[in-house]
Every structure is written in structure tokens, then in C-alpha cells.
Amino acid sequence: MLERTSKDPTETAGVQPARHVPFRGAGFTPAASRWAGWLALAAVLVVWQLVGGLALVNPLFLPTPAMIMRALYRLAASGALWQHVSASFVRIVAGWALGTASGIAVGFAIGLWRIARSIGITFVSALFPIPKIAVLPLLILWLGIGEQPKIATIALGVFFSTTISVYSGVDAVPRNLIRMAQSFDVPFPTIVRKVIWPGALPSILAGFRITASVALMLVVSAEMIGAETGIGTFVLQAGNLMQTDQLMAGILVLSLFGLAVGRLISLLEARLLHWR
Amino acid sequence: MLERTSKDPTETAGVQPARHVPFRGAGFTPAASRWAGWLALAAVLVVWQLVGGLALVNPLFLPTPAMIMRALYRLAASGALWQHVSASFVRIVAGWALGTASGIAVGFAIGLWRIARSIGITFVSALFPIPKIAVLPLLILWLGIGEQPKIATIALGVFFSTTISVYSGVDAVPRNLIRMAQSFDVPFPTIVRKVIWPGALPSILAGFRITASVALMLVVSAEMIGAETGIGTFVLQAGNLMQTDQLMAGILVLSLFGLAVGRLISLLEARLLHWR
Amino acid sequence: MDLIAQGISHRFDRLEVLDDVSFTVAAGEVVAIVGPSGCGKSTLLSILGGLLQPSAGQALLRGAPPPGCLNPLTFVFQDFALLPWASVAENVAFPLLHTSLSVAQRTAVVDDVLQRTGLSDFRAVYPKQLSGGMRQRVGLARALAVRPAMLLMDEPLSALDSQTRELLMEDFVDLLADGTLGAVYVTHNLEEAVRLADRIVVLSRRPGRIRKIVNVASPRHSRGDAATRAQLLELQNELWVLIRDEAIDAEREVQHA
Amino acid sequence: MDLIAQGISHRFDRLEVLDDVSFTVAAGEVVAIVGPSGCGKSTLLSILGGLLQPSAGQALLRGAPPPGCLNPLTFVFQDFALLPWASVAENVAFPLLHTSLSVAQRTAVVDDVLQRTGLSDFRAVYPKQLSGGMRQRVGLARALAVRPAMLLMDEPLSALDSQTRELLMEDFVDLLADGTLGAVYVTHNLEEAVRLADRIVVLSRRPGRIRKIVNVASPRHSRGDAATRAQLLELQNELWVLIRDEAIDAEREVQHA
Amino acid sequence: AARADETKLRIGVLRLSSSAPVFIALDKGYFRDAGLDVELKFFDAAQPIAVATATGDVDVGVTAFTAGLYNLAGKGALKIIGGMSRDRPGFPLIGYFASNKAYESGLKTPKDIAGKRVAMTQVGSSFHYSVGLLAEKYGFKLADVKIVPLQSMSNMAAAIKGETVDAALMPVSAARKLMDEGAIKHLGWVGDETPWQVSGVFAGPKTLANAASVSKLLASLQRAEREYHDVVLASVKDGTAAIDDRTKPLLDIVGKYTNLPVDQVVGNCAYIDPDGKLDVKNIDSQIKWLQAQGFADPGYDAAAIIAKDYVKPD
Ligand SMILES: Nc1ncnc2c1ncn2[C@@H]1O[C@H](COP(=O)(O)OP(=O)(O)OP(=O)(O)O)[C@@H](O)[C@H]1O
Ligand SMILES: Nc1ncnc2c1ncn2[C@@H]1O[C@H](COP(=O)(O)OP(=O)(O)OP(=O)(O)O)[C@@H](O)[C@H]1O
Ligand SMILES: [Mg+2]
Ligand SMILES: [Mg+2]
């Protein structure tokens with residue numbers, strides 16, 4: 001019954017005029033090209049420098065990139081940069097770790113138990129929208145003006161975001177995997193460790209991305225509380241003294257810090273979520 | 001060939017002792033119960049009031065709920081509350097609208113075109129992590145101390161978040177729907193309007209949820225710049241004056257505002273995304 | 001070990017899903033359950049496997065499971081339910097982790113079932129790297145690792161393309177051939193039902209009631225013969241005629257939010 | 001209007017997917033394309049429909065499309081590709097929006113195809129409320145709304161359960177029966193191929209080459225007869241023997257990230 | 001090295017010359033002589049010092065009176081134990097400044113401030129009170145002045161330079177550079193217009209409980225105040241202190257702690273009472289004024305927040 005057809009399409013194609021099938025699948029594949037971004041960045045910097053260099057704009061209003069780099073260099077050479085960055089770094093890490101640990105604990109409780117969910121969600125949704133900067137005076141009253149209120153500010157901001165991303169993550173663990181584990185009589189703690197934890201991890205790591213930027217935002221607010229060093233203090237001080245070149249140098253450091261953390265989280269994702 | 005079997009299971013079940021299949025599907029369905037949350041909230045308020053009422057804590061450090069409500073009442077009765085809220089509301093709406101409109105435009109550009117993506121993503125990822133509060137002095141320098149820098153602060157914060165959620169949303173539009181539209185020779189603008197826009201809408205609305213809270217956070221920072229009215233001003237002033245009952249009343253207003261906006265977005269989602 | 005469905009009814013809130021379903025699956029017997037979409041087949045299987053408590057009636061076991069059995073009633077899922085973050089070997093070892101088996105015993109069991117399911121070369125591979133058919137083989141290996149008395153299979157082939165389905169069905173026939181392993185096999189596919197089952201339970205539309213229980217007369221190993229296949233095709237047709245109208249109704253049902 | 005594949009080859013970066021594929025689909029003819037997973041069937045169909053540009057060779061059209069045709073080559077997708085935010089009627093009207101049809105004409109066309117596909121009662125319903133079979137009927141209605149000369153169908157039934165598949169296949173047979181509509185029908189399923197096609201193009205494993213082009217001799221309308229069905233079963237078996245080994249290889253392939 | 005019997009005290013101060021006696025007492029060892037081991041904690045604004053005193057982060061605070069401070073005191077979180085600097089004729093401390101444009105269009109004297117946009121750090125601050133006094137003095141309504149709170153000196157500097165406000169109240173130390181640049185116009189000094197008690201010494205309940213060390217602290221402060229008054233303030237002419245053999249050592253100390261060169265220190269020597277007296281009547285009127293504006297909580301007066309055992313009323 002199988003028989004090779006002898007019709008050769010190219011042979012018969014000549015009989016009548018044939019035209020191309022029109023192509024209509026173009027576009028909608030916007031992959032980023034690395035160098036275009038860098039090129040644009042470079043172009044902007046050059047124009048900016050030129051505008052400043054030709055004194056078209058008062059350098060107080062817009063210091064040139066060269067001035068900013070010089071300010072940054074002076075800061076680094078004096079050793080102050082390192083001091084500021086490390087002071088802020090300690091605060092960020094401490095606050096972030098505290099907020100993340102408690103957020104993960106509460107997030108898991110909300111994700112796993114009915115009572116915890118009812119209570120937890122009520123409080124989280126009531127307290128989450130409160131701007132942390134508004135709570136600063138209370139934190140100072142409660143915790144004084146040492147490192148605690150600074151760390152608490154960061155921890156508080158991180159806590160709520162983490163809680164939300166953790167319980168969303170737990171909710172997003174496919175129910176069929178949990179049913180599978182139950183069908184093998186796997187005990188509750190093992191299900192939590194071996195199914196729910198890895199299943200919620202993508203969402204938790206995505207949450208880290210957010211909380212890292214929250215921590216960075218809040219370190220500046222936190223260092224409004226009588227800090228003597230810290231990159232936030234430095235920026236606030238430069239702002240107070242209208243040293244716009246130093247201010248921008250500080251902002252640059254913050255931005256680089258943010259980019260570095262983002263990169264770190266990407267690496268973490270690539271390592272921990274290689275199975276995706 | 002079809003024949004009904006005559007075996008009756010209940011009949012034969014008596015021959016050998018039968019036992020129940022053990023149930024192992026319990027748990028992992030944490031639906032929230034509404035009243036438990038309210039109950040917990042009420043319990044916390046009562047304990048709080050008692051602690052304060054029994055003078056266990058200096059009311060400076062923790063004003064009781066009754067004191068907070070009294071402060072709020074005075075504020076409302078004097079008409080100042082309405083003034084503050086409406087002033088902030090105008091700023092939030094203006095800043096949010098500006099940031100959202102530009103964020104949607106840029107987000108779509110990044111989502112649709114290769115060059116826009118390369119350039120846009122570079123700048124967004126470099127500028128996004130900068131805490132807006134650090135930029136306040138620059139905004140004052142550039143825009144003065146009127147409404148513009150306040151609105152700009154909010155707009156700036158909203159812009160980056162919106163941009164990111166919009167282009168993520170555009171990226172998440174199923175490619176098969178776009179291919180489908182292309183296969184019917186649907187022109188580019190129609191695809192954008194009829195496929196990409198509604199497809200990105202869930203992500204855009206989810207972004208609104210974030211930007212609403214960003215706007216709320218930033219209105220407090222923004223009103224640090226020479227505002228006379230505004231709920232942020234009120235909170236800052238209460239903090240400065242160490243009037244903790246008023247401070248907490250202000251925080252309560254901010255929290256309620258946040259909850260109201262969250263509710264509004266939920267309604268919007270229910271209306272616009274009923275097809276999900 | 002026999003599995004008995006005794007007057008099982010179930011409702012989700014207002015929705016009546018199952019109505020007084022009773023039948024027995026003897027040890028080593030393969031019973032297929034067919035019926036239109038949404039008639040409660042999956043619900044029934046969950047109840048039989050102890051994952052859901054019925055509103056009325058009960059699922060019963062009679063007789064002892066075979067020696068060495070770690071999980072008498074073991075599911076094989078339509079969507080495979082593999083842990084995406086675990087390799088093939090880890091997935092197969094997963095149901096053994098909390099048992100009393102030593103590490104060496106566990107490794108031995110895993111090696112054995114991987115070999116039986118032709119997965120030995122894929123130990124370290126992650127699910128996303130595998131085709132659907134291979135994933136379901138991992139699901140099967142995992143089920144076999146606990147030495148079940150009875151497999152509860154919920155449309156195990158319906159997520160696969162037809163060529164893969166054909167290949168896996170051959171595997172299933174081999175697996176169930178010697179009659180030591182019983183199975184409840186839920187399917188939409190009448191061809192699968194007549195190829196694999198000793199008996200076929202036909203359910204009505206929701207709420208699912210037993211419409212008919214059909215014996216498949218020809219012994220399983222002879223079902224490859226041309227004559228038997230023609231016979232089976234006929235049986236398949238009869239079943240199709242039996243459920244076609246209900247299948248059409250089920251398909252045209254509109255879900256209201 | 002004929003559709004001609006002329007020496008089509010394609011590669012994605014380093015991956016060779018198609019190698020010198022040539023065949024012609026005459027107006028009104030139904031050609032099935034079968035082959036193991038990943039052999040490039042979908043890629044080939046995308047190239048034929050102008051959604052992808054081949055690395056070499058070309059897709060050609062010969063002759064004029066029938067009068068009133070708005071989109072000569074029209075796709076029907078495996079995953080239906082319905083707009084989830086549009087009702088059934090809106091989905092069907094979608095490809096007409098940018099055409100020169102007036103609103104009244106558009107409504108008339110939509111009404112007509114909804115009726116032909118048995119969807120008149122479902123105009124206002126959203127896709128999520130429909131069963132898979134009904135969704136694919138919407139996909140079909142949408143395709144018919146533009147009066148295509150040729151349907152390009154990429155496994156249109158493989159996302160459906162077998163009972164629904166059976167029901168839709170009957171619809172397809174009716175639809176293609178009168179020979180006015182041509183189709184390229186990509187499938188894994190040999191039963192579908194032999195039931196629907198005039199010719200079956202069998203592709204080899206990746207890079208897909210034509211292994212064989214098989215004519216299905218019996219006319220389509222008689223394929224329900226018992227005798228013809230036995231014959232078709234035989235053809236199906238022959239095809240299975242032809243691709244079985246490659247199907248096994250394709251299934252056991254590991255994707256490297 | 002600290003002696004075992006020394007009482008440890010942490011004092012919160014600003015790096016401003018108005019705290020000069022504290023710097024002198026520390027640098028010249030007066031605290032040590034009294035058996036106190038004093039550690040200075042520097043702040044960048046007055047308000048946090050009051051808060052830190054209330055929370056116990058410092059034992060004693062020396063800074064300007066603010067509405068926040070009074071509110072903390074009103075709730076019993078701290079008490080005033082002594083006076084410090086005052087605005088007084090002839091001693092420049094806080095000035096009224098106009099933007100160039102506003103000056104051009106007629107803002108030439110402090111009383112012209114009525115109806116103008118005036119920048120300051122915060123509402124309820126000492127600057128705000130100064131404007132209130134001005135309003136009282138010249139009989140215009142405070143409500144006519146448009147108060148623009150800008151949180152920080154820098155914001156104020158930017159605002160007045162950018163002419164988005166008409167006037168600002170700034171400490172001389174912050175305004176000097178702008179004045180020299182010609183970016184702003186000086187209208188007058190608060191001390192010349194409306195003298196008042198600007199800053200003081202205060203302590204939290206825990207410190208107050210230790211009467212001995214509070215007395216020692218105040219005694220050693222007064223020793224420095226007397227010296228500062230008799231040496232430095234006595235030499236002030238036209239708002240500038242003389243630099244000579246007697247004043248130089250003290251000015252050096254002030255310069256060291258305020259991070260200013262001596263030639264700038266001499267230009268902003270705040271007046272300080274030689275006996276550490278507190279103008280209680282003025283404090284009471286400050287509180288009344290703040291309460292009337294709603295910046296201070298109602299229900300307390302000066303008597304309630306002053307530690308009578310220590311304060312010498314003026
Ligand atoms: N957890 C649940 N809550 C409420 N309704 C449910 C739940 N699970 C299933 N249902 C409903 O119960 C009915 C039966 O579901 P079930 O999954 O048992 O059917 P099924 O026969 O397996 O269908 P299919 O052939 O589509 O797999 C369906 O209408 C379904 O919508
Ligand atoms: N856009 C793409 N970029 C890179 N590789 C692709 C792309 N699309 C498909 N491929 C690869 O090309 C090969 C052929 O894909 P194609 O989808 O055409 O196969 P298929 O025959 O349709 O397979 P199936 O039977 O699974 O549908 C596969 O190996 C696939 O991974
Ligand atoms: Mg089911
Ligand atoms: Mg394909």
C-alpha cells in the first residue's frame with residue numbers, strides 16, 4: 001500500500017507562474033543587544049560632559065561626569081568611601097537578614113496554616129502600605145538612636161515584602177506535587193522541606209530582588225537618624241551642603257551597589273534554580 | 001459483548017475483614033477565614049488599650065488606640081484632615097499619572113523594539129536602584145520647591161516600577177497569540193492594541209499595586225520639601241514635634257489610604273480581567 | 001489485596017460529582033474507568049487512594065498487601081507530578097526517603113526500577129530535559145520503587161503525543177502482564193481501556209453513576225493478535241456508542257465562574 | 001490555488017531542522033505530515049504559512065485563491081490561540097477587523113461560521129468557560145471566517161482528550177469532505193492522518209527529510225465503512241512500523257540547556 | 001585615664017559655638033576636676049538631641065528649645081536643668097535674610113516679612129518662634145507670613161538662592177558664605193529685634209535621679225560659662241570677638257569642636273549667661289505660643305518641665 005509518489009514539485013512548478021508565500025512573521029522578538037545599551041550610555045555621558053564643559057549649565061545644577069568621577073576618586077583616595085560603604089553594608093546586611101529571616105518564617109506560616117493566614121494577612125495588608133519613613137520617629141523613640149533603629153527600619157521594610165513573596169511562593173507550589181507526596185505517605189515536615197521549600201524558592205528569590213532594592217532605599221532613610229558614616233549619610237550630607245558633585249558620586253555608588261546586588265541575585269538564581 | 005457483572009461488592013465484602021483506606025490528603029489548603037483576622041486585630045487593639053490604660057507604658061512611647069482615635073477625631077473635626085488628605089491626594093494622583101503614562105510608553109517601547117530595549121534596559125537598571133530620597137536635593141535644585149519637585153519625586157518612583165512591569169507584561173504576552181494575529185495579516189498597530197495591550201494588562205495592573213504603594217511612600221518623602229499641607233507633612237511634623245498620638249493618627253490615615261487603593265485596584269482587576 | 005469501592009458518593013459544596021459507586025478490584029486485576037469529561041473519574045480515584053474523603057460510602061481494603069510493599073495504593077499522575085528540581089534518580093528515591101530503608105537499600109531499589117523502566121542512562125538528568133514519555137516512565141519507576149499492590153493511574157497517557165502513547169502503552173501491557181500488579185486505570189481513551197483492562201467500569205455523566213461494567217473477555221497477552229484486535233475494535237465501538245451522546249453533552253457544557 | 005514546498009531547508013543557529021523538503025499540495029487536497037517529535041513539522045508549517053523564512057528553498061503559491069478569500073493560508077493551532085479576553089464572537093471576528101468588510105458584513109460572516117461550527121449558542125461565552133473541544137471549534141470558526149484556500153493545521157487535536165478528539169475528527173471529515181478546502185495537516189497521530197489525508201508525507205528524524213509520500217487510496221467519504229477501516233488500520237500499522245524506531249529515538253533524546 | 005569613682009556622662013551637643021561652654025569645660029578638664037567622665041555625642045540637628053535624651057541614648061542634652069523638646073518634657077521624658085545661649089542685641093546668632101529679588105522689590109527690614117514666603121527648617125522650630133515674636137513686635141498676623149518648611153539648611157540655601165522663597169531665617173554660620181557671595185541680603189539679627197532664651201541644658205529621668213552628678217555637671221558648666229563670658233563675650237564689638245592672648249586659647253577650643261577656623265568663630269559668638277541662668281518667663285511664653293499654634297500639646301507650662309532644684313531663674 002505504501003508507494004512513493006513520483007510527482008516532482010519543481011518539475012510541475014513551471015506550468016503556471018508561482019509566487020512566493022508572503023512573509024508576515026516579522027518583529028516582536030526584541031532581544032536586547034548588549035553593546036547598544038553601553039553605547040547609548042557612553043553617548044549620554046559624552047553629551048553630558050560636553051554640555052558641562054562648555055559651561056552651558058551651572059555645574060552646581062549639573063556637575064559633569066568628570067567632576068563626579070573626581071569627587072568619587074577623592075572620596076576613595078581619602079579612605080572615606082570605604083568607611084561609608086562598609087558602615088552602610090553592615091546595616092543593610094543586618095537589617096536585610098533580620099527582615100528576611102522573620103519574613104520567611106511568617107510567610108511560611110501564612111502559606112501553611114489557616115489561622116496564621118487569617119491573622120497574618122490582615123496585619124500584613126494593614127501595615128505594609130505604611131511608609132517606613134513615617135515610622136522613623138517611633139523607631140527612634142523605641143530603640144534610641146544607635147544602630148538598632150537603623151537596622152529595624154531596613155528590617156521592617158524587608159520583612160513585609162519578604163512575607164508577601166514567600167506566601168505567594170508557597171501558594172504557587174503546584175498542588176499536584178503536594179498531592180503526589182501525600183500519596184506516598186510522606187510526612188508533613190518532609191513535604192515542607194523537600195517540596196514546598198524548593199517550589200517556593202523561585203518566588204522567594206524574586207522577592208530578594210525587590211527586598212534588596214527596598215533595603216537600599218531604606219538605608220538612606222535610616223541614616224537620617226543621626227548616623228556619622230554610611231553612604232546614605234554621605235549623600236544626605238552632600239545634599240545638605242549642596243555639593244552636587246559629591247551628591248552624584250554618592251548616588252553613583254548607590255546605583256552600582258544596587259546593580260551588584262542584582263547581579264548577585266541573578267547568579268544565585270542561576271545556581272539554585274538551574275532546574276528551571 | 002457488553003454484559004453487566006453480577007458481582008455485588010457489598011455482598012463479597014463480608015468474606016474477609018475489610019479495613020478503610022487510610023486518609024492521607026489532609027492539610028495544605030490554607031484559605032483565610034475573614035473573621036479570624038478581624039478578631040485578632042480587635043484582640044490586639046484591646047490589649048494595646050489595656051497596656052496603655054494601666055499606664056504600663058509612657059503614652060509618649062505608645063499612645064493608646066483611644067488617644068490615636070481622639071487625635072484623628074480632632075484632626076477631622078478641625079477640617080485639617082481633609083485639607084491634608086486632599087493636598088496629598090492631588091500630588092499622588094498627578095505624580096502617579098505622570099509616572100504611569102511615561103512608564104507605559106517606555107515599557108511598551110522596550111517590549112516592542114530591539115533598540116529601545118537595549119538602551120532602555122541599560123538606563124532603567126542603572127537608575128532604578130537609586131533611592132529617590134537621595135535625589136531630592138537635585139530635584140529641588142532643578143525644579144524649585146513648589147509642587148513640581150514633589151510631583152516629580154512621585155513620578156520618578158512610579159515611572160521605573162511601571163516601566164519594568166509593563167515590559168515584563170509585554171514579554172509575557174503569549175507568542176502564539178502574536179503569531180496567530182500575524183498569520184491573519186493583522187497590521188502591527190492592531191496587534192499592539194488588540195493583542196499586546198490586553199495581554200500585558202494583568203501585569204500592568206499588578207504593577208499598579210506596587211506603584212500605588214511606591215507613590216504613598218514617596219509622598220511622605222516628597223512633602224519633606226516645603227509643603228504646608230499634606231498627610232506626609234502632617235506625619236513629618238508630628239514626628240518632629242514628638243506628638244506620637246498625632247503621628248500614629250497620620251500613619252493610620254496612610255495605611256487606610258493604602259488599603260483603599262489596594263481595594264480599588266482589586267475592583268479594577270475584577271472588572272478588566274474578568275476573562276481570567 | 002483487593003480494593004473495594006462501597007457506595008461512594010461525593011459532592012463539592014453544591015456540585016454532586018459521584019453517586020453511589022460500588023465495585024471491587026481484586027488483587028492483580030486491571031479495572032479501567034471510562035466516562036465523559038467531568039463525570040468524577042479523578043475524584044473517584046482520589047477517594048480510592050485516600051487523598052479525598054467521600055461524602056458518603058467508603059473505600060476499603062481487604063487482605064494483606066504483598067510482602068515488602070511500602071505503599072499499597074500508589075498513584076501515577078496524568079501530569080507526571082515529578083519534582084522539577086530533582087534529578088531522575090532523586091525523583092525515584094523521593095518516596096523512599098522517609099521509609100526505614102538504608103541508603104544502600106534505597107540505592108539498590110532505585111537502580112533496579114530505573115533499569116526495569118529503561119532509565120538507567122538518565123539517572124542524573126532533570127525532568128525538563130526529558131520528553132513527555134520519558135517523564136511518565138520516571139513517574140512509573142517512582143511508583144514501582146515502593147512495590148505497590150495496586151497502581152491508581154489517572155489518565156497516565158493523555159498528556160502524551162500519540163506516538164509516545166503507543167510506545168508507553170506497550171510498556172504498560174508488559175508491566176501488567178504477569179498479573180501480580182493490580183491497577184485502576186482512569187482514561188478517556190477507549191482504545192487504552194480495551195487494550196489494558198480486565199474489566200471496564202463505564203460511568204455516566206455527572207453525577208457519575210455506574211452505567212455498565214464490561215468484562216474484556218480475551219486474555220491480555222493475546223490482544224496483539226489480528227483476530228483479537230478486530231474483536232477489541234468492535235468492543236471499543238460498542239463502548240463509544242454507549243458514551244458518545246454523553247461525551248457530546250459534556251463537551252458542550254459551559255463553565256460558569 | 002496550490003501550495004508548493006520547494007527544497008525547503010532550515011536551521012536554528014547550529015541546529016539543522018529541515019533538509020531539502022519538497023512537495024506540492026494541490027487546491028482542495030489534504031496532505032498530512034507525520035514524523036517523530038522534533039523533526040521539524042511545526043517549523044515546516046510556519047515556513048509554508050509565511051511566519052518563518054527558510055534558510056534555503058522557498059514556499060510558493062500557484063494559481064489564484066478562490067473569490068472572496070481574505071487569507072489564503074490560514075492556521076489552526078494546537079493550543080487554539082484564542083484571545084482569552086475576547087468572547088467567542090469577538091475571537092471569530094478578530095481576523096476581520098482590519099479587512100475592508102463593513103460591520104454588517106462582518107456580523108453576517110461571524111454568524112454564518114458560528115452556525116456552521118455549532119457555536120451559535122456560545123457567542124458571548126469566554127474561552128476559559130469552554131471545554132477544549134469547543135475552543136478548537138472556535139479556532140476553526142475563526143479560520144473559516146476568512147474563507148481560506150488552504151488550512152494549515154498544526155496538531156489541531158493533540159491537546160484534546162480522546163473522546164473530544166473523536167468528535168472533532170468527525171467534524172473535520174465533514175468540513176474537508178467536499179474538496180473545496182485544501183489542508184496541510186501536521187500530526188503525530190497516524191489514525192488522524194489516515195482518516196483525513198489524501199496523501200501522507202512521512203518525515204525522518206531531525207533534520208527532517210522526506211522519507212516517503214504515501215497516497216491514501218480510498219476516497220474520504222467511504223472511510224467509515226468497516227472494510228475500508230480495516231484497510232486503513234493496516235496502512236496505519238505500516239506507517240507505524242516505518243517510524244517506530246525513530247519515534248523511540250526521538251523520545252529518548254535529552255535536551256541540553 | 002578614667003578614675004573608678006568618676007561618674008560617666010554622655011552629653012549630646014551640636015557642633016555650634018552656642019555650646020561653647022561645654023567644649024571649654026571638657027577641653028580644660030573642668031568636668032574631670034568635678035569627678036565627671038564626660039563623653040560628647042555630636043548631632044546634626046537640635047531635635048534628635050532631645051529625643052536621644054528622652055530615650056537615654058545620651059544623659060544630658062545641650063541645644064535649642066524646640067516644640068518637640070517641650071512635648072517630650074511635657075510627657076515627663078526629660079526636664080530642663082539650666083540655660084545656655086540667648087539671642088541678645090549685639091550678638092549675632094540667627095539672622096533674617098532676603099533673596100536678592102525680594103530685597104529689590106522692597107523687603108529691606110525684618111518687619112517687611114509680613115506677607116512674604118519665609119523658609120525655615122521646620123514648623124515649630126526656634127526660627128518659627130522668632131518669626132512669631134517678630135509678628136508680635138510689629139503687630140502683623142503670623143498667618144500672613146507664608147512659612148515654607150524645608151527640613152535642612154541646604155534646602156533653604158537652595159531655595160533662597162533660587163529665589164523660590166523671599167526670605168529665610170538662618171544661623172549666621174550657615175548664612176555667612178551666602179552673604180559673602182552676595183547671593184542673599186542680610187536684614188537683621190533676631191537678637192537685636194526680639195531677644196529670647198534660645199537653648200538650654202536638659203536631662204532625662206535617669207540622670208535627674210542622680211542629683212550629685214547633675215550638680216557637679218552644672219557647676220563645671222558654670223565655671224566655663226563664666227570664663228567664656230568674661231573673656232570672649234566681653235571682647236565682642238560689632239558682633240565680632242577680638243583675637244588676643246586671652247581670647248585665643250578659648251576661641252581655639254571652640255574652633256576645634258566646631259570645625260571652624262578662628263577667624264570665623266569670632267563672627268558668631270552666641271551670648272551665654274555667666275551664671276547659667278534660665279529665662280523661665282520666656283520659656284513659659286514660648287510654651288504658650290507653641291500651644292496656641294498647636295505645635296505643643298496642651299496641658300503643661302514651664303513649671304512642669306523645669307527641674308526647680310537646679311534651675312536658677314533669671
Ligand atoms: N476541588 C474541587 N472543588 C470543586 N469542584 C471540583 C473539585 N475538583 C473537581 N471538581 C469538579 O467536580 C467535577 C468532577 O471532577 P473530576 O476531576 O473528578 O472529573 P473527571 O471525570 O476526572 O474529568 P476529566 O475527564 O476532565 O479529567 C468537575 O465538574 C469538576 O469541575
Ligand atoms: N525558535 C526556535 N529556536 C531554536 N530552536 C527551535 C526553535 N523552534 C524549534 N526549535 C527546535 O527545532 C526542532 C524542530 O522543532 P519543531 O517544533 O518544528 O518540531 P516538531 O516536529 O513540530 O516537533 P513536535 O512533534 O514536538 O511538535 C526542535 O528540536 C526544536 O527544539
Ligand atoms: Mg480527571
Ligand atoms: Mg510541533
Side-chain angles (χ1 to χ4, degrees), chain B residues 52 55 57-64 67 70-71 74-75 77-81 83-84 87 133-150 153 220-230 232-247 249, chain E residues 45-48 50-56 66-78 99 117-125 128 143 145-166 168 204-205 290-291 293-299:
Chain B
V57 172
N58 184 338
L60 169 69
F61 289 86
L62 193 69
T64 62
M67 289 165 69
R70 218 173 302 133
R74 277 201 309 270
L75 198 63
S78 73
L81 177 65
Q83 243 179 313
H84 288 309
I133 200 170
V135 191
L136 274 187
L138 287 176
L139 288 178
I140 297 175
L141 210 55
W142 294 336
L143 301 173
I145 52 154
E147 290 299 302
Q148 295 101 308
K150 303 182 186 73
T153 307
V220 178
S221 308
E223 289 181 357
M224 292 172 81
I225 318 167
E228 280 156 81
T229 50
T233 313
F234 175 76
V235 165
L236 290 168
Q237 188 181 317
N240 281 334
L241 301 176
M242 284 294 145
Q243 296 170 321
T244 40
D245 51 346
Q246 298 203 31
L247 175 63
Chain E
Q47 175 79 358
V51 178
T53 311
T55 59
T66 59
L69 187 149
Y70 288 130
N71 283 331
L72 289 170
K75 293 222 170 71
L78 54 82
S99 73
R117 297 166 55 83
V118 181
M120 58 186 56
T121 51
Q122 295 169 1
V123 293
S125 62
H128 200 171
V145 180
K146 210 157 152 46
I147 303 295
V148 183
L150 289 172
Q151 310 305 325
S152 69
M153 286 301 159
S154 61
N155 291 350
M156 284 164 61
I160 194 166
K161 261 169 83 175
E163 302 183 326
T164 48
V165 294
D166 304 314
L290 289 169
Q291 284 172 338
Q293 303 293 320
F295 299 140
D297 300 329

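Protein chains get the first letters and strands the later ones, always in sequence-line order, with residue 1 at the start of each. Scope of the values below: all heavy atoms of this structure, side chains included, with no hydrogens, waters or symmetry mates.
Residue E:A119 does not touch chain B at all, counting heavy-atom pairs closer than 4.5 Å. Interface residue B:I140: only side-chain heavy atoms are found under 4.5 Å from chain E.
Proximity of a side-chain donor or acceptor of E:N71 to a complementary backbone N or O of E:F295 within less than 3.5 Å is detected.
Contact detail for E:I147 and E:M120: the closest heavy-atom pair is CG2-SD, 3.5 Å.
Defined by atom type and a distance below 3.5 Å, a donor-acceptor pair is missing between the side-chain atoms of E:S99 and E:E163.
Among the candidates B:D245, B:T244, B:N240, the residue making the largest number of heavy-atom pairs closer than 4.5 Å to chain E is B:N240.
Every residue two or more places apart in sequence or in another chain that forms a side chain to side chain contact (heavy atoms under 4.5 Å, CB included) with B:V235 is listed here: A:A134, B:L247, B:L254.
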